[in-house]
Each structure stands twice: as structure tokens, then as C-alpha cells.
There are 2 protein chains.
Amino acid sequence: MEFKEPETAEPAPCNCLALRQAARRVSQLYDFHLGAAGLRTTQYSILTKLKRLGPLSINELAKSMVMDRTTLGRAIRPLERDGLLKIGAGDDARTRRLGLTAVGQARLTIAADKWNDAQREFEQSFGKNDAATLRSALLRVTTLDFDGSHPA
Amino acid sequence: MEFKEPETAEPAPCNCLALRQAARRVSQLYDFHLGAAGLRTTQYSILTKLKRLGPLSINELAKSMVMDRTTLGRAIRPLERDGLLKIGAGDDARTRRLGLTAVGQARLTIAADKWNDAQREFEQSFGKNDAATLRSALLRVTTLDFDGSHPA
DNA sequence: TGACAATAGGCGCATATGCGCATATCCAGG
DNA sequence: CCTGGATATGCGCATATGCGCCTATTGTCA
């Protein structure tokens, strides 16, 4: 058991940890608010994407969410179960077409209010401009190509 | 690349979504590298914290990781199973004391190399200075208090 | 000392996350 | 038409994530 010095003052220089911690923290805030509408943040994002981008295949939606195909494939199940979206046949016998239902639309309207509450609370604390700057940086992170061995 | 239409030029103004997407993306990069050492990023973080902060209780470690108590409580299980850390008795009959084992130390040494690869690759792509700035912003996010109804 | 708040954890439940492997289609050549 | 590669998805496995509810201990104070 060496004594290495507590090397304090070093707030975890790991970019990944910093991101995950912040994501956890903020997700809790948004989940707290969206919970009143019976949705998780991921679910809210999915429904929003569907509303904005119209019917999409699983692969398309997954890409637009920067999410693994299989992750999304399972994430939509509770949403279908609750009748918020429909999983129909696509142009192809392989593809499926995801579409928002009327119930989903209605739910989204309610949730949008709650989302606004969360968003407002976050930006009130963090700063509206800082938030915009942060989102911009995060967007760049999200679209990074890295070495090419693990592209987006 | 995909990203067909600028769709109203609004790149998801949701702070939470932006964070989660970036976290997913970067986690994949770090997981890819750390996988060679048989660790996930979260596991690497846990072991690193333990090494730096010495034996800790579950609650203490959870707080320092900005993670739910129960989440951590379960996350340490695979690590204990593989003999990387020990779960012993604390000062109290209630608390447990988590400590890194020799095996854990060794594994951490190997993983540190891989972590460096990931870190280097990320910063090469994103920019070293930008990364530092981003971490700083994320740290602030992590320690936000919000309304007080959902403190850190 | 005996009730009570506070503290430390565990467990069930439900979702989130993605890798590797397998299956069903579709498409472009031969 | 037949075959091989590309495409779209599913499933098993394992971890990650946190909420609500429950138990065990501990500290406190009348």
C-alpha cells in the first residue's frame, strides 16, 4: 500500500467519466419532470424524433439518435405496448416503419410542457448561453469520427 | 453522411439528449479500448476512484461517482466476482468497506494503458484544449443544484 | 431506557445500452 | 435462375441506471 499522495484537486480528467456523470445528473432532472407525463427522457426523444422526422425505420431512427440499432429496437417496445407508437411494415419485407399514434401525439403534447420545465430549470441554473455553447460542443463530440475504426 | 435535411436547422435543443448522445458515443470509444483489458468505462472509473480515494463505503463511492447508491451497489458485483475488489465490513455494522485487491491493481495498470489510448484518440479528434474546456463545463453541470428539489 | 429520526444497504421492477450471433430479404452478377 | 454480398432486424447475454419499498443499525433526546 503505497502512499502516493491523494493527488487531490484533480477532478477526474477522464472525458468519458465527465460526460457520463453529467449525463446521469441531467437525466435525473429531466426524468423527474417528464415522469409527470409518464415518459423517460429517452422515450421523449424517440417520440419527438418521430414527430419531427415522420415515419422511420428502426435503423434510420437509431442513427438519428446516435443509438445502437438493438438498443432502439428494444426501447420502442414499451412505447408500442402503451400505444404511443405503431410498428408497421416498411416498403421492404425486412424493414419496419415506426410511426407516432394519436395517443402518442397527445402524450407528447403533455410531455412537452414538462420538458420545458426541465429545460428551463437547467438553463436557469447553468445559464442559457452556456447551455447553447455546451450543446454545440456536445454536438461536435457526437459527430466525431475518431480514428475511423469506430465511426459513427 | 446521413443528417439529410437540416430539419429546421434545429439540432435537438434538448440539453439532456445532447448529453446522452455524446455520452453514448464517447463511451463506445472508451469501451472499445478498455475492452482489451476486460473492463467497461464505468468499471474502470470505479477502480480508479478506489485507488485514488482508498477504501470507501458504498455510499461514499456512489456520491463521488455521481451515481445512485443502488446502481453502484450492483455495479461492484461483477468486480467482486472477478476478484478486482473486496467488499469487507466497515467501521459500522451497517456499512461495507470497498477496497481494491492486488488483482484489481494489476488490472488497473493494464487498463490505464488502454484508457490512455482512448483519451489520446478522443483529444486528437476533439482537440486537447477543447476537451479541457468541455470537462470543465461538464463538471459544473455535474455539481449543479437546480431547484433544490433534486439536489446532487 | 425507550421511542424516533437518521443512516447504510438490499431487492424487485423497469428501462437503457450495446456486442456477437443468427435469420430473413433484397440486389447485383453470372 | 442462382448465388453471394449487402441490408434490416431479432435475440441472448451482460452490464448500467435509478426509483420505491423494506430491513438493520446507530445516534439522540426526553
Side-chain angles (χ1 to χ4, degrees), chain A residues 16-17 19-36 38-46 56-63 65-82 84 87-98 150 152, chain B residues 2 16-17 19-32 34-36 38-46 56-63 65-82 84 87-98 150 152:
Chain A
C16 190
L17 178 59
L19 265 168
R20 289 177 74 107
Q21 288 186 347
R24 278 197 290 263
R25 185 80 183 82
V26 175
S27 290
Q28 276 178 31
L29 173 68
Y30 281 70
D31 275 338
F32 172 80
H33 286 284
L34 285 172
L39 289 179
R40 310 290 197 82
T41 50
T42 299
Q43 301 180 327
Y44 177 74
S45 304
I46 290 176
L56 292 172
S57 76
I58 291 185
N59 262 325
E60 291 169 335
L61 183 53
K63 270 189 184 97
M65 299 266 312
V66 193
M67 188 183 281
D68 186 90
R69 175 183 63 72
T70 62
T71 300
L72 179 66
R74 285 188 235 271
I76 57 177
R77 261 121 100 161
L79 296 174
E80 188 203 17
R81 181 198 57 202
D82 298 341
L84 304 182
I87 306 181
D91 313 320
D92 213 276
R94 299 170 289 181
T95 62
R96 290 161 169 279
R97 178 171 298 265
L98 308 178
H150 1 269
Chain B
E2 47 277 39
C16 189
L17 178 60
L19 265 169
R20 290 177 74 108
Q21 288 186 346
R24 279 198 289 262
R25 185 81 184 82
V26 175
S27 290
Q28 276 178 31
L29 173 68
Y30 281 70
D31 275 338
F32 172 81
L34 286 173
L39 289 179
R40 311 292 198 78
T41 50
T42 297
Q43 302 179 327
Y44 177 75
S45 304
I46 290 176
L56 292 172
S57 76
I58 290 186
N59 263 322
E60 290 170 337
L61 184 52
K63 271 191 184 90
M65 299 267 311
V66 193
M67 190 182 281
D68 187 90
R69 174 182 65 73
T70 62
T71 299
L72 179 65
R74 286 188 234 269
I76 57 178
R77 260 122 101 162
L79 296 174
E80 187 203 17
R81 180 198 59 202
D82 298 341
L84 304 181
I87 306 181
D91 312 321
D92 214 278
R94 299 170 289 183
T95 62
R96 289 161 169 279
R97 178 171 298 267
L98 307 177
H150 1 268

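Remember, it's a predicted structure, so these values are computed and weren't measured experimentally. Chain A is the first sequence line, chain B the second, and so forth, proteins listed ahead of strands; every chain is numbered from 1.
- Arg96(B) has its CZ atom 15 Å from the C1' atom of dT7(C), to the nearest Å.
- One atom, CD1 of Ile46(A), and another, C1' of dT15(C), lie 11 Å apart when rounded to the nearest Å.
- Backbone-only engagement by Asp92(B) is indicated by non-hydrogen atom pairs under 4.0 Å involving sugar-phosphate atoms exclusively.
- Side-chain N/O atoms of Gln43(B) include none lying less than 4.0 angstrom from OP1 or OP2 on dT15(D).
- Annotation: the span from Ile58(B) atom CD1 to Leu72(B) atom CG amounts to 6.5 Å, rounded to 0.5 Å.
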Restricting to nitrogen or oxygen on both sides, can you table the protein-nucleotides 11-14 of chain C pairs closer than 3.5 Å?
residue: dG12(C); atom: N7; partner: Arg74(B); partner atom: NH2; Å: 3.4
residue: dG12(C); atom: O6; partner: Arg74(B); partner atom: NH2; Å: 2.2

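- Rounded to an integer number of Å, the gap from CD of Glu60(B) to P of dT7(C) is 13 Å.
- Heavy atoms only, all atoms of each residue included: Pro78(A) and Ala75(A) are closest at CD-O, 3.2 Å.
- Looking at which nucleotide of DNA chain D each of Asp68(B) and Thr95(A) is closest to, the 5′-most match is held by Thr95(A).
- In this structure, Asn59(A) places its CG atom 5 Å from P of dT9(D), rounding to the nearest Å.
- Within the 4.0 angstrom heavy-atom criterion, no nucleotide atom of any strand lies near Ser27(B).
- Contacts of Thr71(A) with the nucleic acid, taken as non-hydrogen atoms under 4.0 Å apart, include base atoms.
- A search for salt bridge (Lys or Arg N to Asp or Glu O under 4.0 Å) contacts involving Asp68(B) returns nothing, not counting sequence neighbours.
- For the pair Arg24(A) and dT17(D), the criterion of a side-chain N or O lying under 4.0 Å from OP1 or OP2 is met.
- The salt bridge (Lys or Arg N to Asp or Glu O under 4.0 Å) search around Arg96(B) returns none, not counting sequence neighbours.
- The CG-C1' distance, from Leu98(A) to dT9(D), rounds to 11 Å in whole Å.
- Contact between the side-chain N/O atoms of Thr41(A) and the OP1/OP2 oxygens of dA16(C) is not found at any separation under 4.0 Å.
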